[in-house]
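Chain naming here is simple, since letters A, B, ... match the order of the sequence lines and numbering starts at 1 in each.
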Amino acid sequence: MTQATHHALTLGHYLRCFNGIMRREALRFVHQRERFLSALVRPIVWLAVFAAGFRSVLGVAIIEPYQTYITYEVYILPGLLAMIQLFNGMQSSLSMVYDREMGSMRTLLISPLPRWFLLVCKLMAGTLVSVVQVYAFLLIAWLWGIKIPPIGLITLLPALLLSGMMLGAFGMFLSSAIRQLEGFAGVMNFVIFPMFFASSALYPLWKIEESSQWLPYVCNSNPFTYAVEMLRFSLYGQIDPLSAILVAGFLFVFLSLALYGYDPARGFLARKTGL
Amino acid sequence: MSTSPPPLDIRTLHYAYGRHVALNGLSFSLAQGTFTVLLGLNGAGKTTLFSLITHLYTLQRGTISLFGYDLARQSLKALPFMGVVFQQPTLDLDLSVYQNLRYHAALHGMAPSLAKQRIAEELERASLQKLANDKTRRLSGGQRRRVEIARMLLHRPRLLLLDEPTVGLDIESRQNILSHVRHLCQHETITVLWATHLIDEIDKSEKVIVLHQGQLLAQGDSQHITKQTKTASIRQAFDVLVGLAPQT
């Protein structure tokens, strides 16, 4: 018996597929200008209103990686960068739920490339979109008077890729577990704000330890805290090994859960039907 | 002498959603270059069957092989041979016709120059050149279906699966799409599995598979099925088979 000719997949197939998924994400991002604007307006409001208002109330002592006293705006900058990535990760996952409801997810899933690869491409594409947003916000922050060392702009990039992937994988995992668009929108509110507030994004952990007995435990077990701290150190050309390792660990866990969730044989979708 | 394995071969397929059995012991195969109509009422199991063939769902019991490749073990080898139009439209409405096709080509790892050439060919074949830069959101239902058909042909599949592709379309669009796919089947020896609940889409010479409540009730050409059911037309035969009319 002869089989129809099958052409083995090459590295070129994988690269072209990655390129195609990237292009699609970029096109969608360009078409959705309001998404870009809202991604910038949100941290601008925090910077211009919240940080300015709390500058005199919340004093920040000298803590690593800072060499001297800093203004509150400087302190919350890494948290705002991580917030951009958190929102972007949730937005990308929301679009996956939307794609699934609208049916266009099927186009992706019946591609003759491994499903894990397709999902990782999607995750990387979403992360790169968030990196563009972060650098655009850094420009605004610079105009606002927040100066970071030039080396920080370079060392920030790998940290952003890692934190963006981790937060995107978290969103992807949520999208695999939640079927309906309405449900996901609700979950976003329950996830984003607790993650953001119960972290070191707005106040140093030592301040939280002073004011509450249980809250530090929550903050210390929050993956977002480590993303913020990793970004904070990278902005000054430094590495916080503990944060970097934990972010990588959380990425592994969330990505594994997301891949499991999108596995038609075992995942959460298998029990829900209708990919 | 070597024989080619059938484009689609299904053996004792069983699938259940919890306690609800959607497919029960389904077996059939399609010969190369044939147009086969999968006929069944809504809820017969057609979409479940398509989801299994396209590997969106994982097999519970039974086997599916495409051109000799076992879908459970060799899905990445089997999928390139298949082109699909799902019942629910799957175009990205925020992208243009061209961008949708380009995206599909990339998902199949197609080189940009080849993709460009194939897209031009398929747009021409489907008379969609003038709409290439239009957002798919602005297209009519019939035009969107034509884009989906053009898209599924880009990677030159040998087996086409179309799940109720004419639902919701006007008579002219339905006719155009049907004759376009029949033309592909006849002139390019592409095998087609066309799922529908519309009996008037059946041509007398074509093979029909009647699916009802997850079970295959009959298969063969219209003449064979009408003879088997002792009826005068495939419509009557179908009514008798699914219990909408009494056996004569």
Side-chain angles (χ1 to χ4, degrees), chain A residues 1-32 35 95 98-118 121-122 262-267 269-275, chain B residues 2-5 7 17-18 22 32 47-48 51-60 65-69 72 74-84 86-96 99-100 102-112 115 135 148 151-152 155 158-159:
Chain A
M1 277 221 315
T2 58
Q3 288 188 327
T5 315
H6 169 260
H7 301 286
L9 294 171
T10 62
L11 181 63
H13 284 90
Y14 284 88
L15 290 175
R16 289 190 285 266
C17 179
F18 173 69
N19 186 34
I21 293 173
M22 267 304 304
R23 270 173 70 100
R24 180 182 182 242
E25 286 300 312
L27 282 168
R28 290 184 75 156
F29 180 61
V30 170
H31 290 161
Q32 297 170 349
R35 182 177 157 190
S95 77
Y98 177 81
D99 282 354
R100 210 168 62 219
E101 277 206 3
M102 295 297 116
S104 51
M105 174 70 85
R106 289 167 182 231
T107 313
L108 180 78
L109 297 181
I110 62 166
S111 159
L113 282 114
R115 191 166 288 192
W116 67 263
F117 175 76
L118 299 168
C121 284
K122 189 105 176 109
Y262 277 98
D263 183 332
R266 297 186 296 270
L269 293 178
R271 294 196 289 274
K272 293 169 190 292
T273 75
L275 273 167
Chain B
S2 65
T3 55
S4 297
Y17 300 100
Q32 179 74 43
T47 300
T48 302
S51 298
L52 287 165
I53 301 172
T54 52
H55 201 51
L56 287 171
Y57 295 174
T58 300
L59 295 175
Q60 290 173 344
S65 56
L66 283 93
F67 295 95
Y69 293 109
Q74 299 168 292
S75 65
L76 297 185
K77 287 183 175 174
L79 286 171
F81 294 110
M82 190 162 52
V84 191
F86 290 103
Q87 184 176 3
Q88 186 186 11
T90 57
L91 294 172
D92 187 330
L93 300 180
D94 292 324
L95 301 186
S96 69
Q99 287 164 346
N100 265 288
R102 190 73 196 262
Y103 178 56
H104 177 87
L107 289 178
H108 281 261
M110 219 178 276
K135 285 249 178 87
E148 288 193 297
R151 184 180 63 176
M152 80 168 167
H155 60 283
R158 305 308 305 156
L159 168 67

Checklist outcome for this item: Greatest number of non-hydrogen atom pairs under 4.5 angstrom with chain A, of B:Gln60, B:Met152, B:Gln99, B:His155, falls to B:Gln99
Hey, could you give me the [atom1]/[atom2] distance between [X] and [Y], rounded to the nearest 0.5 Å?
{"X": "B:Tyr103", "Y": "A:Arg24", "atom1": "OH", "atom2": "CZ", "result": "4.5 Å"}
{"X": "B:Lys135", "Y": "A:His31", "atom1": "NZ", "atom2": "NE2", "result": "5.0 Å"}
{"X": "A:Leu109", "Y": "B:Leu79", "atom1": "CG", "atom2": "CG", "result": "10.5 Å"}
{"X": "A:Ser104", "Y": "B:Leu93", "atom1": "OG", "atom2": "CG", "result": "7.5 Å"}
{"X": "A:Tyr98", "Y": "B:Asp92", "atom1": "OH", "atom2": "CG", "result": "8.0 Å"}

Item to check | Least distance between heavy atoms, B:His108 atom then A:His13 atom | outcome: O-CD2, 3.7 Å
Checklist outcome for this item: Heavy-atom nearest pair, A:Arg16 first then B:Gly109, reads NE-O, 2.6 Å
Checklist entry - Which atoms of B:Met82 come close to chain A, meaning under 4.5 Å heavy atom to heavy atom: side chain ones, backbone ones, both, or neither? => result neither
Item to check | Under 4.5 Å from a heavy atom of chain A, the part of B:Ala111 involved | outcome: both
Item to check | Partners passing side-chain contact (heavy atoms from CB on, under 4.5 Å) against B:Gln32 (at least two apart in sequence or in another chain) | outcome: B:Pro7, B:Phe67, B:Arg158, B:Thr191
Checklist outcome for this item: Residues at least two apart in sequence or cross-chain that pass side-chain contact (heavy atoms from CB on, under 4.5 Å) with A:Cys17, listed by chain then number, are A:Ile21, A:Leu113, A:Phe117, A:Leu118, B:Leu107
Checklist entry - Under a 4.5 Å heavy-atom cutoff, which of A:Thr10, A:Ile110, A:Asn19, A:Asp99 has the most pairs with chain B? => result A:Ile110
Item to check | Best-contacting candidate, A:Gly12, A:Gly20, A:Pro112, against chain B by heavy atom pairs under 4.5 angstrom | outcome: A:Pro112
Next on the checklist: Using modelled atom types and a 3.5 Å cut-off, is there a donor and acceptor pairing between side-chain atoms of A:Thr107 and backbone atoms of B:Thr90?
Outcome noted: yes
Next on the checklist: Counting only heavy atoms not in A:Arg28 (residues, nucleotides, ligands), do more than 12 fall under 6.0 Å from its CZ?
Outcome noted: yes
Checklist outcome for this item: The interface call for A:Leu108 against chain B, heavy-atom contacts under 4.5 Å, is both
